[in-house]
Amino acid sequence: MNYWLIKSDPETYGWDEMKEDQETFWDGVRNYQARNFMKLMEIGDICLFYLSNKEKAICGEVVISKSFYQDPTTDDDKWVAVDVKFKRTYQKLIYLKDIKETEGLEQMHLVKNSRLSVSPVTPSEYKIISNLEAS
DNA sequence: GCCAACGTTGGC
DNA sequence: GCCAACGTTGGC
């Protein structure tokens with residue numbers, strides 16, 4: 001089982017919509033690096049849901065409910081989508097600012113390459129983030 | 001709203 | 001195949 005971080009602009013698709021839909025497909029990724037990570041996602045993998053721009057915080061978790069398939073929003077077979085299911089809302093938002101200040105998280109793609117919309121999270125990073133949520 | 005960082009495109 | 005120009009993203 002793997003951990004990931006997926007990014008969404010709340011203006012496009014926010015956490016409230018995710019919660020209401022319960023399940024949705026994650027499409028529209030047009031970046032090879034992100035696409036390659038999506039292809040590695042398996043059912044049951046946990047994705048941290050990050051809100052860019054306005055919030056700049058991780059707000060909860062979703063679970064992969066279907067592994068990659070051709071992105072239905074384009075004819076171009078280069079691109080893929082996955083299905084994700086709502087899991088839970090964090091007790092508090094974990095802000096980018098705090099992530100940057102936390103030891104052990106400075107190597108995260110989110111910190112080093114903020115433009116990558118899908119990125120892997122290591123088990124130890126996941127654990128540190130869980131601790132931040134509980135603290 | 002600005003701008004840095006990054007990816008992509010296209011001319012040579 | 002190189003690299004300049006351009007577009008997009010996202011933090012500030």
Side-chain angles (χ1 to χ4, degrees):
Chain A
M1 161 146 116
N2 295 300
Y3 301 99
W4 308 94
L5 182 139
I6 56 176
K7 208 182 291 185
S8 185
D9 179 356
E11 303 241 334
T12 313
Y13 192 85
W15 189 238
D16 290 342
E17 288 163 275
M18 183 72 238
K19 216 182 324 188
E20 200 177 307
D21 290 346
Q22 282 295 309
E23 189 162 10
T24 189
F25 58 98
W26 207 257
D27 67 326
V29 172
R30 297 290 182 268
N31 171 288
Y32 286 104
Q33 220 184 335
R35 192 274 316 264
N36 292 340
F37 289 136
M38 284 174 84
K39 287 190 168 181
L40 296 173
M41 289 173 166
E42 290 171 1
I43 292 174
D45 282 0
I46 289 177
C47 294
L48 308 180
F49 198 104
Y50 177 82
L51 298 169
S52 63
N53 293 319
K54 200 155 182 279
E55 299 287 353
K56 281 171 287 185
I58 297 168
C59 57
E61 293 178 357
V62 294
V63 182
I64 301 295
S65 55
K66 188 176 178 186
S67 58
F68 79 93
Y69 53 95
Q70 154 85 45
D71 188 335
T73 62
T74 176
D75 290 332
D76 195 336
D77 61 12
K78 281 203 298 282
W79 307 112
V80 303
V82 295
D83 286 0
V84 296
K85 212 161 105 186
F86 177 83
K87 189 180 180 215
R88 68 190 189 92
T89 301
Y90 280 173
Q91 295 165 42
K92 62 177 193 188
L93 294 173
I94 299 172
Y95 291 99
L96 179 61
K97 182 173 162 291
D98 297 325
I99 291 168
K100 282 183 168 171
E101 287 171 357
T102 303
E103 208 176 326
L105 297 181
E106 51 292 276
Q107 293 302 314
M108 287 185 73
H109 286 259
L110 180 66
V111 175
K112 296 185 74 177
N113 177 9
S114 62
R115 296 192 53 203
L116 191 60
S117 59
V118 176
S119 60
V121 174
T122 67
S124 72
E125 286 164 352
Y126 179 78
K127 202 169 167 220
I128 294 168
I129 289 165
S130 304
N131 289 340
L132 282 182
E133 186 206 355
S135 66

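The model shown is predicted, which means the values in this text are computed figures rather than measured ones.
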A/Trp79/A/Tyr32 aromatic ring centres below 6.0 Å: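 Yes; A/Tyr32 has its ring centre under 6.0 Å from that of A/Trp79.
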Base-contact (B) and sugar-phosphate-only (S) positions in nucleotides 5-10 of chain B, heavy-atom cut-off under 4.0 Å, - elsewhere: BBSS--
Test log, rule salt bridge (Lys or Arg N to Asp or Glu O under 4.0 Å), inputs A/Asp71 and A/Arg35: CA-CA 11 Å; A/Asp71 188 335; A/Arg35 192 274 316 264; over 6 Å; no
CD/A/Glu20: more than 12 non-hydrogen atoms of other groups inside 6.0 Å: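 Not buried by this count: 12 neighbours or fewer within 6.0 Å.
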Close side-chain approach of A/Val62 and A/Ile6, heavy atoms under 4.5 Å: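 Side-chain contact under 4.5 Å: yes.
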Residues in side-chain hydrogen bond (donor to acceptor under 3.5 Å, both in side chains) contact with A/Asn131, at least two apart in sequence or another chain: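 Counting only residues at least two positions away or on another chain, A/Asn131 forms no side-chain hydrogen bond (donor to acceptor under 3.5 Å, both in side chains).
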Option passing ring-ring contact (aromatic ring centres under 6.0 Å, His included) with A/Trp26 (candidates A/Phe49, A/Phe68, A/Trp4):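 Exactly one pass, corresponding to A/Phe49.
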Interface residues of residues 94-105 of chain A with DNA chain C (non-hydrogen, below 4.0 angstrom):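 Output list: A/Leu96, A/Lys100.
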Whole-Å distance separating the CD atom of A/Glu55 from the P atom of C/dG11: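 Between P of C/dG11 and CD of A/Glu55: 12 Å.
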Interatomic distance where CG belongs to A/Asn53 and C1' belongs to B/dC3 [whole Å]: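 Distance check: A/Asn53 CG to B/dC3 C1' gives 14 Å.
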Ionic contact status for A/Glu61 with A/Arg88, cut-off 4.0 Å: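 The answer is yes: the pair qualifies as a salt bridge.
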A/Ile99 to A/Leu105 - nearest heavy-atom pair and separation: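 Between these two residues, the closest heavy atoms are O-CB, 3.7 Å.
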